Trainee: 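One structure, pasted below without further comment.
Atoms within each ligand, like the ligands themselves, are counted from 1 in listed order. For clarity, every value in this text was computed on a predicted model and none was experimentally measured.
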Amino acid sequence: MSDLASLEQRALTELQATADEAALRAWNTKYFGKQGEVTLALRKVGEVPPAERKAYGQEANRIKEALTNAYEAKLAGQKERQLKQSLAAEAIDVTLPGRPLIRGRLHPSTQTLRTIGSIFADLGFQIYRSREVEDDLTNFELLNMPPHHPARDMWDTFHTTTPGVLLRTHTSPGQIHVMREYCPRPIRVILPGMCYRYEAITVRSEIMFNQVEGLAIGTNVTMADQNGTITAFARRMFGEDRQVRIRSSYFPFTEPSIEVDMDCSNCAGKGCGLCKRSGWLEIMGAGMVHPTVLKNGGYDPYTVSGFAFGMGPERIAMRKFGIDDIRQFWANDLRFLRQF
Ligand SMILES: [Zn+2]
């Protein structure tokens, strides 16, 4: 019985000395854990001589209850103190004005791509996404450029360590993908996306850039449709009074091939620094889809025809916004990007 009395005294003294919640929990384990002193004292009832057993049991239970109550009271007090502390430390002044969010905006290339996309959507063109990693077959061969064809020199290519796998040098391989998916149905799509060329980086050329390819295939598609489409695009993009001129050119995958110029939007054709005094700005290459390419896409070149065109949105953005250095697009300079 005297053991029980001293146990109670000791436990209460230690409880009073605990300073935080961790110490409280440790105290609880020491006295009420599986091997805790109170737990063991209760278990000992059976060893007590029968004459004293009842009194011992009653006293042990009283101590257990008294200590448990003391522990819970102390724990509750501790929690309340913590809550008061955190409320005082993290007080929120609801009368303060909110912090302003920095407004983000779209990259000038994305803005231009979206404008191009919406103009062609109005002309009935859908957007077709095509892969950036291509095989040699689709990037060159099926576009009428067999191995060793001199036209391949027009594209300095990033080859991967896997033979025959490369980063696409233009969006034209997408023509093959879309033709094979849609054949024999008619097609009216644009193919936007990033292209890669192993070139020296200068104010006029980058190793990565966007391109937007266009492709229309069907019966009775002629060069008049092509020129009308391109003129409509140039006027929506650069102004209703734009004039368009075409020059003959060469691409392996179109026949005949053309380059498209429009009168300089800066000087209205009079001649200025932007157009190098010529009055004209080159905006895209185009042409009627080569019969071999139509055949490679699954179409019969004797019954259907088509036109294709390709342009660089960064170049278009440079014309539209008066940007004089193409390297600005990927330099990540906020002073440049915030202007758009
Ligand atoms: Zn000009």
Side-chain angles (χ1 to χ4, degrees), residues 105-123 125 154-155 170-172 190 192 194-195 197 199-214 223-251 254 256-287 307-331 333 335-340:
R105 65 198 71 204
L106 293 173
H107 191 278
S109 284
T110 308
Q111 290 181 31
T112 312
L113 278 168
R114 291 196 177 177
T115 308
I116 294 172
S118 69
I119 292 172
F120 280 104
D122 289 349
L123 292 168
F125 285 73
M154 292 162 74
W155 296 271
H170 49 178
T171 43
S172 305
I190 58 168
M194 200 61 93
C195 305
R197 287 189 202 168
E199 282 182 6
I201 297 173
T202 69
V203 286
R204 297 205 33 87
S205 64
E206 254 286 3
I207 57 169
M208 53 185 270
F209 52 91
N210 281 294
Q211 226 178 34
V212 175
E213 187 101 359
M223 271 195 97
D225 300 313
Q226 170 191 260
N227 296 349
T229 304
I230 292 171
T231 305
F233 165 74
R235 289 182 177 164
R236 280 284 300 276
M237 193 79 195
F238 293 98
E240 271 311 314
D241 45 357
R242 291 278 72 76
Q243 296 298 314
V244 167
R245 122 185 139 171
I246 61 172
R247 290 175 285 121
S248 73
S249 183
Y250 170 76
F251 302 107
T254 45
S257 305
I258 58 166
E259 295 278 357
V260 183
D261 302 331
M262 66 171 190
D263 60 335
C264 176
S265 45
N266 193 39
C267 62
K270 290 186 192 73
C272 68
L274 185 67
C275 56
K276 295 184 192 136
R277 314 276 154 213
S278 71
W280 295 95
L281 292 168
E282 192 185 312
I283 52 168
M284 67 173 84
F307 66 82
F309 54 86
M311 65 186 120
E314 279 83 39
R315 296 247 156 105
I316 301 265
M318 288 168 87
R319 305 261 142 92
K320 204 169 164 65
F321 300 124
I323 301 164
D324 54 7
D325 188 342
I326 200 169
R327 294 172 298 186
Q328 293 282 12
F329 283 94
W330 317 126
D333 186 338
R335 290 168 302 178
F336 168 77
L337 295 172
R338 282 194 178 127
Q339 295 176 52
F340 304 97

Trainee: Is a donor on one side and an acceptor on the other found under 3.5 Å between the side chain of E314 and the backbone of N210?
Mentor: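 Side chain of E314 to backbone of N210, a donor-acceptor pair under 3.5 Å: yes, one is there.
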Trainee: In Å and rounded to the nearest 0.5 Å, what is the CH2 to CZ distance from W280 to R245?
Mentor: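 Here the interatomic distance stands at 5.5 Å.
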Trainee: Would the distance check show the side chain of R235 and the main-chain N or O of R242 forming a donor-acceptor pair, the cut-off being under 3.5 Å?
Mentor: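 Yes.
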Trainee: List-wise, which protein N, O or S atoms are found short of 2.8 Å from the Zn ion (ligand 1)?
Mentor: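 Those protein N, O or S atoms (cut-off: under 2.8 Å from the Zn ion (ligand 1)) are C264 SG, C267 SG, C272 SG, C275 SG.
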Trainee: F307 vs F125 aromatic rings, parallel, tilted or perpendicular, using cut-offs 30° and 60°?
Mentor: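 F307 vs F125 ring planes: tilted.
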Trainee: Is it true that, when you exclude R114 itself, more than 12 heavy atoms of the residues, nucleotides or ligands shown sit nearer than 6.0 Å to its CZ?
Mentor: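 Open: at most 12 neighbouring heavy atoms sit under 6.0 Å from CZ of R114.
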Trainee: Look only at the side chain of S257 and the backbone of F251, and say whether a donor-acceptor pair between them is shorter than 3.5 Å.
Mentor: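 Such a contact is found between S257 side chain and F251 backbone.
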